[in-house]
Amino acid sequence: MKRMRNILLASVVIFSFVLTGFAIAVELFWLAPLLFIAGGGIMGYGIKINKQERT
């Protein structure tokens with residue numbers, strides 16, 4: 001179950017960064033920073049979960 005959650009989180013982070021590039025490509029400059037921050041936040045959450053599981 002933990003492995004599936006990690007894979008899902010990683011997929012969402014990658015998808016968020018891909019959408020950031022797409023938003024820049026179609027000139028939605030207001031959406032790009034939101035997606036970038038969302039990707040960073042989700043990535044930080046995943047790192048936090050992994051650190052808690054190791055201790």
Side chain to side chain contact (heavy atoms under 4.5 Å, CB included) assessment of Val18 paired with Phe22: CA-CA 6 Å; Val18 167; Phe22 181 75; 5.6 Å; no
Would you check, one step at a time, whether the test side chain to side chain contact (heavy atoms under 4.5 Å, CB included) holds for Lys2 with Ile49? CA-CA 10 Å; Lys2 292 177 187 178; Ile49 288 174; over 6 Å; no
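- Separating the CZ atom in Arg5 from the CD atom in Glu53 is a distance of 4.5 Å, to the nearest 0.5 Å.
- Here the CG-OH distance, from Asn50 to Tyr45, works out to 10.5 Å after rounding to the nearest 0.5 Å.
- Ile7 and Val13 sit in two unconnected hydrophobic clusters of ILVMFWY residues. Membership requires side-chain heavy atoms under 4.5 Å apart, directly or through other members.
- In this view, Phe17 and Phe36 satisfy the ring pair (Phe, Tyr, Trp, His ring centres under 6.0 Å) rule, not counting sequence neighbours.
- Note that CG of Leu8 is 9.5 Å distant from CD1 of Ile42, once rounded to the nearest 0.5 Å.
- Leu9 and Ile47 fall within the same hydrophobic cluster, defined by Ile, Leu, Val, Met, Phe, Trp and Tyr side-chain heavy atoms under 4.5 Å apart, directly or through other members.
- When hydrophobic clusters are built by joining Ile, Leu, Val, Met, Phe, Trp and Tyr residues whose side-chain heavy atoms come closer than 4.5 Å, directly or via intermediates, Leu35 is not grouped with Ile24.
- Linking ILVMFWY residues whenever their side-chain heavy atoms come closer than 4.5 Å, directly or via other members, places Leu19 and Leu28 in the same cluster.
- Ile14 and Val12 are assigned to two separate hydrophobic clusters, defined by single-linkage of ILVMFWY side chains at heavy-atom distances under 4.5 Å.
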